[in-house]
Visitor: 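Mind having a look at this structure? Questions to follow.
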Amino acid sequence: MSLTLLPAVALALAAAPMPEGDALTSTIETLDAKLFWNAFEGCDPDAVAPLIDADYRMVHDLVGIAADNREDFIAGMRRNCEGRAPGSANAGYKNRRLLTPGSRTITPLGDWGALEEAHHQFYERHDGEWQLTGGGRYLHIWRWTGDTFVLNETLSLDHGPAPAYPPQE
């Protein structure tokens with residue numbers, strides 16, 4: 001074997017195949033939970049950063065391009081979290097996001113990644129109680145790196161009143 005082929009062979013051996021079936025679903029569900037916990041209740045931009053692709057983009061139905069790359073997204077999260085600190089404009093503010101049970105679908109995108117689509121509700125803490133403030137739908141495009149997924153793009157849509165749960169027939 002030629003020495004020029006060794007780096008390519010080593011790279012091919014190091015990259016794991018993308019998970020499939022239940023393993024794919026479980027992996028994306030775990031990443032989604034980590035992303036949203038740390039973005040909302042945990043307010044921990046440093047925990048979110050490794051989950052986000054460098055070329056990440058977020059398109060939001062209410063604001064258009066909400067983030068054009070990972071640095072943009074994390075910087076915005078950092079500003080929001082700092083705004084919750086004691087003495088800041090939104091000191092003590094708390095919010096959470098909950099996935100609407102049964103709404104999530106995960107579709108493989110070849111061996112490149114996966115599409116996650118779901119609905120969720122948003123809550124804010126007021127007077128010691130969690131109050132439902134709205135809902136929306138999202139589509140996440142997760143890119144497989146060879147050993148994990150990173151969030152490559154988000155479409156955040158249909159923001160408004162939360163859909164009834166359980167769904168009305």
Visitor: Just how far is it from atom SG of Cys81 to atom CG of Asp44, taken to the nearest 0.5 Å?
Guide: 7.5 Å
Visitor: So does Ala23 get a backbone contact from the side chain of Thr27, meaning a donor-acceptor N/O pair under 3.5 Å?
Guide: yes
Visitor: Counting neighbours of CG on Asp111 that are heavy atoms of other residues, nucleotides or ligands and sit closer than 6.0 Å, is the number greater than 12?
Guide: no
Visitor: Is any side-chain heavy atom of Asp32 less than 4.5 Å from a side-chain heavy atom of His140?
Guide: yes
Visitor: Check Ala91 against Ala85 and note the closest heavy-atom contact, atom names and distance.
Guide: CB-O, 3.3 Å
Visitor: If I take atom CD from residue Gln121 and atom CG from residue Leu132, how far apart are they, to the nearest 0.5 angstrom?
Guide: 6.5 Å
Visitor: Rounded at 0.5 Å granularity, tell me how far CG in Asn38 sits from SG in Cys43.
Guide: 9.5 Å
Visitor: Other residues, nucleotides and ligands only: do more than 12 of their heavy atoms fall within 6.0 Å of CZ on Arg57?
Guide: no
Visitor: When rounded to the nearest 0.5 angstrom, what distance separates CG in Asp72 from CD1 in Ile65?
Guide: 10.0 Å
Visitor: Any chance you could measure Lys94, atom NZ, to Glu41, atom CD, to the nearest 0.5 Å?
Guide: 9.0 Å
Visitor: Would you please name every residue forming a side-chain contact (heavy atoms from CB on, under 4.5 Å) with Glu82, sequence neighbours left out?
Guide: Arg78
Visitor: Check whether any side-chain heavy atom of Trp130 lies under 4.5 Å from a side-chain heavy atom of Arg96, and answer yes or no.
Guide: yes
Visitor: Could you identify which residues cluster with Trp37, counting Ile, Leu, Val, Met, Phe, Trp and Tyr as linked when any side-chain heavy atoms lie under 4.5 Å apart, either directly or through a chain of such contacts?
Guide: none
Visitor: Should Glu116 and Ile141 count as side-chain neighbours, where that means a heavy-atom distance under 4.5 Å?
Guide: no
Visitor: Is there a donor-acceptor contact under 3.5 Å from the side chain of Ser26 to the main chain of Asp22?
Guide: no
Visitor: Indicate whether any N or O donor in one side chain lies under 3.5 Å from an N or O acceptor in the other, for Arg97 and His120.
Guide: yes
Visitor: How many angstroms lie between atom CZ of Arg104 and atom NE2 of His119, to the nearest 0.5 angstrom?
Guide: 12.5 Å
Visitor: Using a 6.0 Å cut-off, check whether atom CD of Glu20 has over 12 heavy atoms from anything other than its own residue.
Guide: no
Visitor: Same cluster or not: are Leu155 and Leu109 linked, directly or through other Ile, Leu, Val, Met, Phe, Trp or Tyr residues, by side-chain heavy atoms under 4.5 angstrom apart?
Guide: yes
Visitor: Can you find a pair of side-chain heavy atoms, one from Glu124 and one from Tyr93, that are under 4.5 Å apart?
Guide: yes
Visitor: May I have the step-by-step check of side chain to side chain contact (heavy atoms under 4.5 Å, CB included) for His60 and His159, ending in yes or no?
Guide: CA-CA 9 Å; His60 196 286; His159 289 89; 3.2 Å; yes
Visitor: Rest of the hydrophobic cluster containing Ile74 (Ile/Leu/Val/Met/Phe/Trp/Tyr, side-chain heavy atoms under 4.5 Å)?
Guide: Met18, Leu24, Ile28, Leu31, Leu35, Phe36, Phe40, Val48, Leu51, Ile52, Tyr56, Met58, Phe73, Met77, Leu99, Ile106, Phe122, Tyr138, Trp142, Trp144, Phe149, Leu151
Visitor: Verify the cluster assignment for Trp112 and Leu115: are they in a single hydrophobic cluster under the rule of side-chain heavy atoms below 4.5 Å apart?
Guide: yes
Visitor: Flag the pair Glu153 / Val59 as yes when at least one side-chain heavy-atom distance between them is below 4.5 Å, and no otherwise.
Guide: yes
Visitor: Just wondering, do Thr148 and Thr145 contact through their side chains at under 4.5 Å, heavy atoms?
Guide: yes
